K.L.:
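Here it is: the structure, laid out below.
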Amino acid sequence: MNGWILLPVILPVLSGIFLLLTSFREHLGKTGSGSGLSAVGNGMDEPERHRLHLLTCTVLVISAILAVTAAFSGEKSVTLFYLMKDIPIYFHIDGISRIFVTFTSLVWVAVGIYAFVYMKHEGEEKRFFGFYLLVYGVLVALDFAGNLVTLYFFYELMTLTSAPMVLHNGSREAIMAALKYLFYSLCGAYMGLFGMFFLYRYCDTLTFMPGGTLNPALAQDHRTILLIAVFAMLVGFGAKAGMLPLHAWLPAAHPVAPSPASAVFSGIVVKGGVLAALRTVYYVVGPDFIRGTWVQTTWMVLALITVFMGSMLAYREPVFKKRLAYSTVSQISYILFGLSLLTPTGMTGALLHTVFHAIIKSTLFLTAGVFIFECGKTRVEELHGIGKRMPKTLWCYTFASLALVGIPPASGFVSKWYLAQGALGADVGVFGWLGPAVLLISALLTAGYLLPVTMKGFFPGKEAGDAEVHSGTEAVKEPSAKMLVPLAVLAALSVILGILPNPLINYISQLVSGLM
C-alpha cells in the first residue's frame, strides 16, 4: 500500500529516459542526413522547445509535489526487491529523508526553470533535460533509501547519471573533467563498498536505525579493522562532498559544465556524500563507536584543513565559477566538521548548513550563469561595473554572498553559530577552540573572495567605468523573468531563512534529540 512513495522516483526517471531516447533518435536522423551534431543541438524550433519545456516543467513540479507530500505523510516503508535473501532494496521515509528531499526538490525545480532559457545557447537541450529529470529521480530514491545497500546503489547511479551533465558541451576540457569526476567518485564509492563488507558482517542489520546497528559482542574483538572500515567509508563518501584528499574533481567540473548543472552539482549532488557519511555514522555504526577514537580526530582534521584550503584557493582564483567551486569545497566541510563533533548542537548546525548552503550556492552559480549568458563574462576582473547593467542580478548575488559569509541576519550566520557552539561545547580537546577559529578565518576569506564582486560591480571606479562604456556593454540588460525569478526566489530564501529560522531549527533539534 506504500508503493506510491516511489512515484516521485519513477515519474522523472521514465520521463528522462523518454527524452534521452527521443534525443538519440533525432541525433541519428540528423547526422544521417549530413547535418552534423551542431544541427542537433541548435536546430530546435520554438514550438518544439515549448513542448520540451512544458513536459519538463510538468514532470518536475508534479514529481516535487509527490516527493514532498510523501515525505511529510508519515513514516512509510516499501521493499522494491531483494538483491540477496537478507539484503533488500528498501525505502523508508524518516526525518533525514524529509529534510534532504525538501531542499533538493525546491532547488531542482527553481534551477530547472532557469535552465529553460540558459540552455538555448548550450545546445542539446533535450539531452540535458533528459538527464536532469533522470538525476532528480535518482536523488529522491537516494534520500528515501532505508538501508546502506539501497543508499549505495543509488549513490552510484547518481554518479553515472550526473556525469553527462558535466561533459555536455563535448569539449576536450569537459570530457576530461567528467572523467575526473567519475574517477574520483568511483574510487570513493569503492572505499565505501570496502567498509560495507565489514559492516554487513558485524552489524545486526544494514537498515538505518537511530544510534546504529553495530553488534557490540561481534565487534568487540574486531574493533581495529572496523575503525579502518569506517574511516575508509568517510574518506570515500567525502569524495562526493569535496573533502580532502578526493576534492579535485569539483574545480575541474564546474567551469566546463553548464551553469544550471554547476548550480545543482554544488548545491545538491555534493550533499549525496554528506547524506552517506551521516547515515553511516549515525544510523549504522553509531556515533559512540568512533567517539574519542583516531577516526573522529582524523575526520575533524581533514574537514578543517579542507575548510581552510578551499577558502584560500577560492580567494586566489580569478575564474568566477572555479572560485565558487573552491568555495563549495570549503563550505561542505563546514557540514562534515559539524557531523564529526558527534554532538547534538554540532549535528544541528551541520543540517542547518546543509539546507542553507544548497540554496545559497545555487543562487551564486545561477548568477554566474547570467553573467555568462548575457555578456560572456567568466572572470572576476571582467565583472567591474556589472551592477550598472544588471543591478537586480547583482543584488541577488550580494544577498546570497552575505548569507554565505555569515553576516546576520542572513541564514549562514545561524548555521555557523550552531557549528561554533557545537565545537565549543564538545569534548574534543584542542578542536573545541581550533574549529571555531578556522571557521572564523574561513568566513573572513569568504568575504574576501565574494564581496569584492559586489563592490567593484556597483562601484567600479572611474577608470573601470570608462572602460565599460567604451567596450560597448552598456546595452546589457537584466535576464528574462524565467532566469531572474528563480534567482530572486532563492536569494530571498537565503535571507528569509535567517530572519525566521525557528521552525527549521525546532524541527531539526527535535530530530537530533531523538537520534542522539
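Since the structure is predicted, the reported quantities are computational estimates derived from the model, not experimental observations. In what follows, residues are counted from 1 in the order of the sequence shown.
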K.L.:
Taking all non-hydrogen atoms of both residues into account, name the closest pair between T306 and L302 and its distance.
P.N.:
OG1-O, 2.6 Å
K.L.:
Just verifying a value: how many Å separate T354 OG1 and L339 CG, rounded to the nearest 0.5 Å?
P.N.:
6.5 Å
K.L.:
Measure the shortest side-chain to side-chain distance between M300 and V428 over non-hydrogen atoms and say whether it is less than 4.5 angstrom.
P.N.:
yes
K.L.:
Do any pairs count as a ring-ring contact (aromatic ring centres under 6.0 Å, His included) and have a residue in residues 225-247, sequence neighbours left out, and if so which ones?
P.N.:
Y155-F237, F231-W294
K.L.:
Considering only heavy atoms from C-beta outward, does the side chain of S259 approach that of L366 to under 4.5 Å?
P.N.:
no
K.L.:
Between T213 (side chain) and T205 (backbone), is there a donor-acceptor pair under 3.5 Å?
P.N.:
yes
K.L.:
Apply side chain to side chain donor-acceptor pair (under 3.5 Å) to residues Y90 and S77 and explain how you reach the verdict.
P.N.:
CA-CA 7 Å; Y90 168 73; S77 304; 3.1 Å; yes
K.L.:
Just checking, R279 and Y283: is the charged tip under 6.0 Å from the six-membered ring centre and within 45° of the axis?
P.N.:
yes
K.L.:
List for me each residue that meets side chain to side chain contact (heavy atoms under 4.5 Å, CB included) alongside M191, sequence neighbours excluded, and say none if there are none.
P.N.:
A232, V235, L246
K.L.:
Tell me every residue that passes salt bridge (charged side-chain N to carboxylate O under 4.0 Å, His left out) with D427, counting only those two or more places apart in sequence or in another chain.
P.N.:
none
K.L.:
Kindly say whether V101 contributes a backbone atom to a donor-acceptor pair with the side chain of T104 at under 3.5 angstrom?
P.N.:
no
K.L.:
Let's go through F356 and L504 carefully: what are the C-alpha distance in whole Å and the side-chain angles of both, what is the deciding distance for side-chain contact (heavy atoms from CB on, under 4.5 Å) to 0.1 Å, and is it a yes or a no?
P.N.:
CA-CA 11 Å; F356 298 155; L504 183 58; 3.8 Å; yes
K.L.:
Between side-chain atoms of residues 219-230 and protein atoms elsewhere (two or more places apart, or another chain), which donor-acceptor pairs fall under 3.5 Å?
P.N.:
from, atom 1, to, atom 2, distance (Å)
H222, ND1, Y202, OH, 3.4
R223, NH2, F289, O, 3.0

K.L.:
I want to check something: taking the side chain as every heavy atom from C-beta on, are F154 and L157 in contact at a cut-off of under 4.5 Å?
P.N.:
yes
K.L.:
Evaluate side-chain contact (heavy atoms from CB on, under 4.5 Å) for T56 paired with L19, printing each intermediate quantity in order.
P.N.:
CA-CA 9 Å; T56 303; L19 289 179; 4.1 Å; yes
K.L.:
Listed by chain and number, what are the ring pair (Phe, Tyr, Trp, His ring centres under 6.0 Å) partners of Y449, not counting sequence neighbours?
P.N.:
none
K.L.:
For A400 and S494, work out which heavy atoms get closest and say how close.
P.N.:
CA-OG, 3.9 Å
K.L.:
Do I335 and K271 make a side-chain contact, defined as non-hydrogen atoms from C-beta onward lying under 4.5 Å apart?
P.N.:
yes
K.L.:
Between T298 and V295 (side chain of the first, backbone of the second, donor and acceptor by atom type, cut-off under 3.5 Å), is there such a pair?
P.N.:
no
K.L.:
Considering all heavy atoms of both residues, which atom of A443 and which atom of K416 are nearest to each other, and what is their separation?
P.N.:
CB-NZ, 4.4 Å
K.L.:
Would you say the side-chain atoms of S105 pair up with the backbone N or O of T102, donor to acceptor, closer than 3.5 Å?
P.N.:
no
K.L.:
With a 4.5 Å limit on heavy-atom distance, are the side chains of I359 and S411 in contact?
P.N.:
no
K.L.:
Please report the closest heavy-atom contact between K361 and L324, naming both atoms and the distance.
P.N.:
NZ-O, 3.5 Å
K.L.:
T79 and P88: which non-hydrogen atoms are nearest, and at how many Å?
P.N.:
CG2-CB, 3.7 Å
K.L.:
Classify the ring geometry between F153 and F81 as parallel (under 30°), tilted (30 to 60°) or perpendicular (over 60°).
P.N.:
perpendicular
K.L.:
How about S266 and H254: do any of their side-chain heavy atoms sit closer than 4.5 Å?
P.N.:
yes
K.L.:
If you take the centroid of each ring, where Trp contributes its six-membered ring, are Y132 and F128 closer together than 6.0 Å?
P.N.:
yes
K.L.:
Please name all residues satisfying salt bridge (charged side-chain N to carboxylate O under 4.0 Å, His left out) with R98, sequence neighbours left out, ordered by chain then number.
P.N.:
none
K.L.:
Exactly one of L404, L490, T328, L487 should register a side-chain contact (heavy atoms from CB on, under 4.5 Å) with L364. Which one does?
P.N.:
L404
K.L.:
Stepwise, does the side-chain contact (heavy atoms from CB on, under 4.5 Å) test hold for L55 with T58?
P.N.:
CA-CA 5 Å; L55 172 63; T58 302; 5.7 Å; no
K.L.:
For F208, what residues pass the ring pair (Phe, Tyr, Trp, His ring centres under 6.0 Å) criterion, not counting sequence neighbours?
P.N.:
none
K.L.:
Only counting residues at least two apart or in another chain, list the ones meeting ring pair (Phe, Tyr, Trp, His ring centres under 6.0 Å) with Y181.
P.N.:
W249, F265
K.L.:
Going by heavy atoms in the side chains, are M309 and V329 under 4.5 Å from each other?
P.N.:
yes
K.L.:
With N506, which residues qualify under side chain to side chain contact (heavy atoms under 4.5 Å, CB included), at least two apart?
P.N.:
N502
K.L.:
Please evaluate residues V264 and S362 with respect to the criterion side-chain contact (heavy atoms from CB on, under 4.5 Å), reporting the C-alpha separation (whole Å), side-chain torsions for both, the decisive distance (0.1 Å), and the verdict.
P.N.:
CA-CA 6 Å; V264 293; S362 297; 5.8 Å; no
K.L.:
List the residues meeting ring pair (Phe, Tyr, Trp, His ring centres under 6.0 Å) with H353, not counting sequence neighbours, and say none if there are none.
P.N.:
Y334
K.L.:
Where do L419 and A350 come nearest, in terms of heavy atoms and distance?
P.N.:
CD2-N, 3.6 Å
K.L.:
Mind checking what makes side chain to side chain contact (heavy atoms under 4.5 Å, CB included) contact with V256, not counting sequence neighbours?
P.N.:
V166, E173, A174, A177
K.L.:
Given the side-chain rings of F197 and Y200, with only the six-membered ring counted for Trp, is the space between their centroids under 6.0 Å?
P.N.:
no
K.L.:
Quick one: pull up CD in E75 and CG in D94 and give me the separation to the nearest 0.5 Å.
P.N.:
6.0 Å
K.L.:
Suppose we screen for side chain to side chain contact (heavy atoms under 4.5 Å, CB included). Which residues come up paired with T348, at least two apart in sequence or across chains?
P.N.:
L352, Y418, I508, S509, V512
K.L.:
Contact between K76 and H92 at the side-chain level, heavy atoms closer than 4.5 Å - yes or no?
P.N.:
no
